[in-house]
Amino acid sequence: MPESNGHDAKPVSTGGTNGTPGNGNGNGHGSKVATVVAGAKQVQARAVEEIKETIKAPEKTDVWKSILRVKHDETPRSRALGVLSNVFLHLHPAKINRDAVAYKYTWGMGGMTFYVYITLVFTGTLLMFYYHPSKVVAFRDILYLESDVPFGKLLRNMHRWGAHLMVIMVELHMFRVFLTGSYKKPREFNWVVGVLLLVLTLLLSFTGYLLPDDQLGFWAVTVGTNMARATPLLGHAGPFGPQLGMTAFNDVRFGLLGGSIVDSNALLRAYIWHCVAIPIIASLFMIVHFWRVRKDGGISGPAPVVLESEIKEPRKV
Amino acid sequence: MDFHQLWTILSTPDNVPIVLLLFVVPFYTWYALRQSFANDRLIAELEANPEMAKTHHRKVQPYKPGWAKEVHVWPYLLRIEFLAAIIVTVILMVWSITLNAPLEEPSNPTLTMNPSKAPWYFLGLQEMLVYFDPWMAGVVMPSLIIIGLMAIPFIDANPLGNGYYTFRQRKYSILTFIFGFIVLWVSMIVIGTLIRGPGWMWFWPGTTWDHNRLIFEVNRDLPDIFGITARVGKIIFGAIVVLLYCVAAAIGVHKLLTRTSFNRKILARMSVLQYVTMQVFLVIMLALPVKIMVRLLFRIKYIWVTPWFNI
Ligand code: HEM
């Protein structure tokens with residue numbers, strides 16, 4: 001078949017007419033059926049051929065090319081392009097310092113923190129399907145999750161332990177960044193972004209603590225937010241607070257809890273901070289954080305050591 | 001020895017992260033310091049041998065002249081990332097299958113938990129409540145920690161140790177950070193979790209939590225010891241003592257910072273603003289152990305008593 005190079009279906013109809021003149025004798029009915037059958041067989045043969053080709057070399061199809069945009073063969077060029085032309089991977093450069101891929105420099109802590117964060121967003125979203133942020137119902141939802149929802153218990157456990165793990169990992173990541181001096185020029189700003197991420201991570205964890213609405217969370221948040229009433233100037237029990245007209249009904253604690261005690265308003269506020277506001281803010285800062293890692297010249301090391309005798313004079317202002 | 005009590009504390013699901021911290025923090029400290037010391041040996045070798053310093057590749061990592069400086073991200077980095085993702089997933093799964101997240105009784109404002117503890121990562125601050133008023137422990141200290149952390153890159157004038165582990169070249173900053181992170185943050189968390197019991201009292205691991213235990217502590221204020229009773233007198237006396245502490249601490253810090261010639265060289269690179277900021281944070285940070293000591297050794301509650309705030 002000479003025209004079978006494209007994925008075009010038109011030639012099929014001409015194949016059908018070709019078969020007609022061969023059957024002169026019998027009644028017209030039989031010959032017509034035969035031509036249609038012959039045509040259908042030809043179409044089938046072509047379809048099989050095309051499917052075989054597609055399976056053998058899927059990267060040649062238009063659909064494949066439209067998704068991946070570039071060739072992926074075993075050349076250094078397409079290896080680099082494979083990373084650079086992928087939305088998720090283009091966070092990375094094409095090549096990096098050969099020693100930086102060793103685990104022992106970064107401990108992979110920043111990356112693993114990010115991964116745990118993604119896991120938390122995933123399990124958290126699933127948990128949201130079963131949770132109502134209102135008094136009485138909230139606690140029952142947790143019981144329901146634990147006993148009736150398929151894998152509900154595993155889901156809740158993963159979210160809980162993931163949160164703890166993330167806090168531990170952020171702190172270790174900061175420890176590593178400090179010990180390698182990676183906050184020094186030109187990465188000062190990224191350290192500051194990192195500190196904000198640390199605070200946001202702790203706040204995420206803290207706001208989530210209240211959501212099961214059990215004794216543990218209730219008292220932890222009560223203890224935590226009681227501190228807010230001692231805020232200097234802005235809390236009703238803090239230094240100079242009363243002098244500025246602060247009462248239990250208009251100070252920062254009232255603003256945080258939406259009331260003077262930890263009650264249904266506090267639960268709703270914790271829920272919105274925990275599930276919407278802080279994740280959005282934290283994600284934005286993470287984007288900036290990763291962007292800056294790239295713009296500051298990638299991971300800081302392992303860099304060649306510098307000797308004391310080689311310190312350059314600081315530039316005069 | 002009450003092993004049952006010990007086990008109850010250690011196996012409380014929310015305390016497991018602390019048990020984990022007890023292992024991972026020392027491990028990573030050791031892991032980092034080991035690399036620091038390896039680099040320090042290399043640095044010492046190169047300082048002693050300028051010829052070698054000219055040609056050496058200056059890393060402890062294995063090195064051959066022909067090797068490419070860089071490698072492809074795919075597969076050399078991505079395969080590690082994928083592997084790490086799988087390992088973290090497996091750890092999280094196993095942890096979640098074997099250990100259930102805690103769920104207590106429904107919240108009840110009329111039934112106080114004893115001890116009622118903040119989430120573990122805030123226990124350092126809760127521990128500070130023993131020694132400071134809530135406005136200090138709950139508001140001022142966290143703010144200072146955040147601002148202080150953010151200030152680090154801008155007050156550290158030491159250009160060495162950027163991008164490699166080292167101890168010798170950054171002795172003071174590393175010791176300060178380890179003091180803040182391990183002594184003041186992590187160990188306070190460990191104390192708050194494993195040692196503080198009902199009434200926030202100190203129970204050594206292995207002793208029984210006695211809910212009826214009472215401790216009669218007579219805590220006095222510093223002005224009272226000196227027989228100062230007038231309100232204005234207390235304000236002025238406290239202010240003077242606090243000021244004296246600040247001056248003494250600042251002088252002490254300065255003495256420490258100018259001990260070695262290398263440090264003096266770094267100090268000369270700092271602007272006045274940098275130096276003052278650094279002093280402020282160091283003096284405040286040192287105030288924590290000082291106040292803790294004053295409280296534990298002399299049973300002194302407040303040093304500076306005013307009608308508006310007490311320190
Ligand atoms: C949600 C929290 C955080 C995430 C997801 C995160 C993620 C990352 C990642 C993936 C890297 C690349 C290198 C590595 O894996 O170590 C990185 C580098 C860095 N991070 Fe973070 N980080 C977080 C929090 C922090 C904190 C708390 C700090 C410091 C206070 C910080 C400061 C830095 C700095 C300065 C770098 C550059 C390090 C270098 O070039 O060696 N980050 N971060």
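Basis for what follows: all heavy atoms, side chains included, without hydrogens, waters or symmetry-related copies. Every value quoted in this text rests on a predicted model; they were computed, and no experiment measured them. Numbered from 1 within each chain, the chains take letters A, B, ... in sequence-line order.
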Measure from the side-chain N and O atoms of A/Trp219 to the backbone N and O of B/Leu111, and report whether any donor-acceptor pair falls under 3.5 Å.
yes
Contact origin within B/Trp120 toward chain A - heavy atom pairs under 4.5 Å:
side chain
Side chain, backbone, both or neither: which part of B/Pro142 has a heavy atom under 4.5 Å from chain A?
neither
Please determine whether the number of non-hydrogen atoms from other residues, nucleotides or ligands lying under 6.0 Å from atom CZ of B/Phe27 exceeds 12.
yes
Tell me the closest heavy-atom pair linking A/Met227 and B/Leu129, and the distance in Å.
CE-CD1, 3.4 Å
Among A/Tyr183, A/Phe206, A/Phe218, which has the most heavy-atom pairs under 4.5 Å with chain B?
A/Tyr183
Can a donor-acceptor pair be found, under 3.5 Å and without considering hydrogens, that links the side chain of B/Asn39 to the backbone of A/Val305?
no
Report yes if the distance between the aromatic ring centroids of A/Tyr105 and B/Tyr164 is under 6.0 Å, otherwise no.
no
Proximity breakdown for B/Asp14 and chain A, heavy-atom pairs closer than 4.5 Å
both
Quick one: does any side-chain atom of A/Tyr209 pair with a main-chain N or O of B/Ala118 as donor and acceptor, under 3.5 Å?
no
Name the member of A/Tyr115, A/Phe178, A/Tyr103 that forms the most heavy-atom pairs with chain B at distances under 4.5 Å.
A/Phe178
Look at the side chain of B/Gln35 and the backbone N and O of A/Lys104, then say whether any donor-acceptor pair between them is shorter than 3.5 Å.
yes
Closest approach of A/Val306 to B/Arg58 (non-hydrogen atoms, all atoms of both residues)
CA-NH1, 4.1 Å
Nearest 0.5 Å, please: how far is CG in A/Asn97 from CG in B/Leu77?
11.0 Å
Quick check: do A/Trp161 and B/Pro13 have side-chain heavy atoms less than 4.5 Å from each other?
yes
The interface call for B/Asn158 against chain A, heavy-atom contacts under 4.5 Å, is both
Nearest non-hydrogen partners of A/Leu307 and B/Leu160, listed with the distance
O-CD2, 3.9 Å
Listed once per pair and sorted, the side-chain hydrogen bond (donor to acceptor under 3.5 Å, both in side chains) pairs that draw on residues 220-235 of chain A, sequence neighbours left out:
A/Asn226-A/Arg229, A/Asn226-A/Arg253
Less than 4.5 Å apart, side chain to side chain, heavy atoms only: is that true for B/Gln61 and A/Arg98?
no
With a 4.5 angstrom heavy-atom cut-off, could you sort out which part of B/Ile87 is near chain A: side chain, backbone, both or neither?
neither
Could you give me the CA-CA distance, side-chain angles and deciding distance for B/Tyr28 and A/Phe175, then say whether ring-ring contact (aromatic ring centres under 6.0 Å, His included) is met?
CA-CA 9 Å; B/Tyr28 278 109; A/Phe175 193 39; 8.6 Å; no
Counting distance only, does the side-chain N/O of A/Trp191 pair as donor-acceptor with the main-chain N or O of B/Leu149 below 3.5 Å?
yes
Might you point out which heavy atoms bring A/Ser309 and B/Glu47 nearest each other, and give the distance in Å?
OG-OE1, 3.5 Å
Under 4.5 Å heavy-atom distance to chain A, tell me which part of B/Ser143 shows up: side chain, backbone, both or neither.
neither
Contacting region of B/Ile174 [heavy-atom separation from chain A under 4.5 Å]:
both
Is NZ or CZ of A/Arg176 both nearer than 6.0 Å to the six-membered ring centre of B/Tyr31 and within 45° of the ring axis?
no
Between A/His159, A/Glu310, A/Lys312, which residue shows the highest count of heavy-atom pairs closer than 4.5 Å to chain B?
A/Glu310
With chain B as the partner, which of A/Gly224, A/Pro93, A/Ala138, A/Ala94 has the greatest number of non-hydrogen pairs under 4.5 Å?
A/Ala94
Rounded to the nearest 0.5 angstrom, the CG-CG distance for B/Leu78 and A/Leu89 is 5.5 Å
Student check: side-chain heavy atoms of B/Val25 and A/Glu171 closer than 4.5 Å
no
Assert top hit (heavy-atom pairs under 4.5 Å, partner chain B, pool A/Asp214, A/Leu216, A/Leu179, A/Val167) equals A/Asp214
Do any of residues 99-109 of chain B come closer than 4.5 Å to chain A, heavy atom to heavy atom, and if so which ones, in number order?
B/Leu99, B/Asn100, B/Ala101, B/Pro102, B/Leu103, B/Glu104, B/Glu105, B/Pro106, B/Ser107, B/Asn108, B/Pro109
Below 4.5 Å, heavy atoms only, C-beta onward: do B/Pro159 and A/Lys184 meet side chain to side chain?
no
Contact check, side chains of B/Phe122 and A/Leu202, non-hydrogen atoms, under 4.5 Å:
yes
Between B/Ile80 and A/Val101, is there a side-chain heavy-atom distance shorter than 4.5 Å?
yes
Is the shortest side-chain heavy-atom distance between B/Thr89 and A/Thr119 below 4.5 Å?
no
d(A/Leu196 CG, B/Met150 CE) to nearest 0.5 Å is 3.5 Å
Under 4.5 Å to a heavy atom of chain A? For B/Ala53 that would be side chain
For the pair A/Lys95 (side chain) and B/Lys69 (backbone), establish whether a donor and an acceptor sit closer than 3.5 Å, ignoring hydrogens and angles.
no
Is it the backbone or the side chain of A/Met112 that comes under 4.5 Å from a heavy atom of chain B, or both, or neither?
side chain
Which bit of B/Ile152 is near chain A, if near means a heavy-atom gap under 4.5 Å: side chain, backbone, both or neither?
both
Heavy-atom closest pair, residues A/Pro304 and B/Lys59:
N-CE, 4.0 Å
On a heavy-atom basis, which atom in B/Val140 and which in A/Pro232 lie closest, and how many Å separate them?
CG2-CG, 4.2 Å
Is it the case that atom CZ in B/Arg269 sees more than 12 heavy atoms from other parts of the structure closer than 6.0 Å?
yes
For the side chain of A/Arg160 and the backbone of B/Ser96, is there at least one donor-acceptor N/O pair under 3.5 Å apart?
no
Which answer fits B/Thr306, side chain, backbone, both or neither, if we ask what part of it has an atom under 4.5 Å from a heavy atom of chain A?
neither
Using heavy-atom distances under 4.5 Å, tell me whether B/Val139 contacts chain A through its side chain, its backbone, both, or neither.
side chain
Quick check against the 3.5 Å criterion: does A/Gln215 have a side-chain atom that pairs as donor or acceptor with the backbone of B/Met113?
no
With a 4.5 Å cut-off on heavy-atom pairs, point out which of A/Lys135, A/Met109, A/Lys153 contacts chain B the most.
A/Lys153
Applying side chain to side chain donor-acceptor pair (under 3.5 Å) to B/Trp74 and A/His92, what does each step give before you reach the verdict?
CA-CA 10 Å; B/Trp74 171 256; A/His92 289 305; over 6 Å; no
Is it the case that over 12 heavy atoms from other parts of the model lie below 6.0 angstrom from the CZ atom of A/Phe240?
yes
Look at atom OH of B/Tyr76 and say whether more than 12 heavy atoms of other residues, nucleotides or ligands are closer to it than 6.0 Å.
no
What part of B/Ser271 gets within 4.5 angstrom of chain A, counting heavy atoms only: side chain, backbone, both, or neither?
neither
Counting only non-hydrogen atoms closer than 4.5 Å, does A/Val223 touch chain B with its backbone (N, CA, C, O), its side chain (CB onward), both, or neither?
side chain
Could you look at A/Val116 and say if it's the side chain, the backbone, both or neither that has a heavy atom under 4.5 Å from chain B?
side chain
What do you reckon, is CE of B/Met93 surrounded by more than 12 foreign heavy atoms closer than 6.0 Å?
no
Atom group of B/Phe154 that falls short of 4.5 Å from chain A, counting heavy atoms
side chain
Interface moiety of B/Ser36 toward chain A, non-hydrogen atoms closer than 4.5 Å
neither
